[in-house]
Structure formats: C-alpha cells, structure tokens
Amino acid sequence: MVPAQEHPLPTHPRPTGRVPGQPRGPVALLTELNSAAAETAVRTLLTCCASHSWARRVAEHRPYPDLDALLAAADEAAYDLTPADLTEALAGEPIEPAAFPAPGADQDIYSAAHTALRAATAAYESRFGHAFVICLDDIAPGEALDTLLAGIRSRLGHDPEEERALAAEELRRLARGRLARLVQLQGERTQTRPDSPYVPV
C-alpha cells in the first residue's frame, strides 16, 4: 500500500475539444501519482478513463517503477472491464467529436466534412447508444477529420456486440495515450505526441 499522503495532482475536467499541441497545464510526476492519496489518484485516473473500476484498480496497484509498468496495469484493467464498466466508461466520453482542419485547408471543404461528421456521429449514437470513440494518436492532425468520417461510416455496419468490443479496444488505447501524456518521468515529458485531435484528455 502507498502512504495516504496527499499530493496535488491534476484533476482536469474533460473538455469538449482542444487544438492539437495546445498546452494542457500541469503534468503529474509518476512519483506523485504513486504517493498520492487513493482518492486523489482515482480522481486523476478518471480523466484518462471514466470507469471507476478501472481507475480504482490502477490506483490499487501502485507504486509503479516506470511508465511501462503503469501502462501495462492500465491495459490489464481495461481488458477486464465488465459490460457495466464499459458502459460507464463510454458514458464519460464526449458525444460531439472534435477534429481540426490542417493548416491551409479549404474552409468550405472542411465545413462540409464537419457537417457530414456530425450527421454520422448522430447516426452512430442512435444505432449503438453511446459515443463514437477512436484513438487518433498515430494520425496526423490534418488527417483526423477524414479518419473520423471513414471510421464512423465503416463501424456503422457492425452489429452491437462487435462494435462494443471494438469500442472497448479504442478506449484501452485512449487510456494509454492519456496516461502517457499525464505522467512525467524524472521531470521530463514522455516522448508521445500531443493530445489526440479527437479525444480530449
């Protein structure tokens, strides 16, 4: 068990969207996450995944010697989400997708694509009853909107069980990326790309 010593950790509310690369404010050191009181750690971890079961499990396995160990524990907790846990986590994701045009993009084309994205998102939510989630950490910001549209349109054809399994996998990847951006090792930022152009942290 870690000491019940309180350390200030960021507990940022989930924004509805943010330009890629925009500074996100304080970043928690891994040592602070390890030594924080359980309630503080859980509250911080919930900014990465909205399942309380996931956050409690990751917090209970502290201390973590390094980021790889933390991410491995996060993966294990994500794989073990129950259907109820998954529903809770999906409910914590933003319904309205946020994607931003590439520099110099034609604004008329972007506006039309964004309108199409809104319609596709509404159709997805109507069919599956939860937000569309996708991890875009490996996608260039200028390609985010096209990737979102293609992803939603292809996944609309899934049956509900198949789609929930895929959504669970995307949530796992999102949690990893959010944790990597949240944690700072030895005073240096982890070498991950800025926040996903779609899913805020």
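Residue numbers count from 1 along this sequence. What you see is a predicted model, and the numbers here were worked out from it, not measured in a lab.
Using a 4.5 Å heavy-atom threshold, the side chains of Thr44 and Glu32 count as separate. Looking at Thr87 and Arg164, their side chains come closer than 4.5 Å, going by heavy atoms from C-beta outward. A heavy-atom distance below 4.5 Å is found between the side chains of Tyr124 and His130. Taking 4.5 Å as the limit, some side-chain heavy atom of Arg127 sits within range of a side-chain heavy atom of Pro160. Between Leu33 and Leu70 there is a side-chain heavy-atom pair separated by less than 4.5 Å. Residues Phe132 and Leu148 are in side-chain contact: their nearest non-hydrogen atoms beyond the backbone lie under 4.5 Å apart. Looking at heavy atoms from C-beta onward, Cys49 lies out of side-chain contact with Leu171 at the 4.5 angstrom threshold.
Distance check: Leu71 CG to Leu179 CG gives 6.0 Å after rounding to the nearest 0.5 Å. The CG atom of Leu136 sits 10.5 Å away from atom CD of Glu143, with the distance rounded to the nearest 0.5 Å. Atom CG of residue Leu86 and atom CG of residue Leu81 lie 6.5 Å apart, to the nearest 0.5 angstrom. Within the model, atoms CG of Asp137 and CZ of Arg178 stand 9.0 Å from one another, a figure rounded to the nearest 0.5 Å. To the nearest 0.5 angstrom, Trp54 atom CH2 is 12.0 Å from Asp85 atom CG.
Between the side chain of Thr40 and the backbone N or O of Ala36, no donor-acceptor pair lies under 3.5 Å. The backbone N or O of Ser51 sits nowhere less than 3.5 Å from a side-chain atom of Glu88 that would complete a donor-acceptor pair. When atom types are taken as modelled, the side chain of Arg57 and the backbone of His52 share no donor-acceptor pair closer than 3.5 angstrom. Using a distance-only test at 3.5 Å, with no hydrogens or angles considered, a donor-acceptor pair links the side chain of Asn34 to the main chain of Tyr64. A donor-acceptor pair is defined here as one N or O able to donate and one able to accept, closer than 3.5 Å; no such pair exists between the side chain of Ser126 and the backbone of Ala122.
Contact between Leu45 and Ala55 at its shortest, heavy atoms only, is CD1-O, 3.4 Å. Across every non-hydrogen atom of Val58 and Ala74, the tightest pair is CG2-CA, 4.0 Å. In plain terms, the two heavy atoms of Cys48 and Leu182 that are nearest each other are SG-CD2, 3.9 Å. In terms of heavy-atom proximity, Ala41 sits nearest to Ala59 at CB-CB, 4.2 Å.
Between His158 and Phe128, the gap from one ring centroid to the other reaches at least 6.0 Å.
Other residues, nucleotides and ligands place no more than 12 heavy atoms under 6.0 Å from the CD atom of Glu39.
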Review point. Do Glu170 and Arg155 pass the side-chain contact (heavy atoms from CB on, under 4.5 Å) test, and can you show the C-alpha distance, the side-chain angles, and the key distance before you say yes or no?
Key: CA-CA 12 Å; Glu170 292 297 325; Arg155 287 165 58 179; 3.9 Å; yes

Review point. How far apart are the C-alpha atoms of Asp159 and Glu162, what are their side-chain angles, what is the distance that settles it, and do they pass the side-chain contact (heavy atoms from CB on, under 4.5 Å) test?
Key: CA-CA 5 Å; Asp159 61 58; Glu162 180 184 16; 3.3 Å; yes

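Shown here are the side chain to side chain donor-acceptor pair (under 3.5 Å) partners of Glu169, two or more places apart in sequence or in another chain: Arg172.
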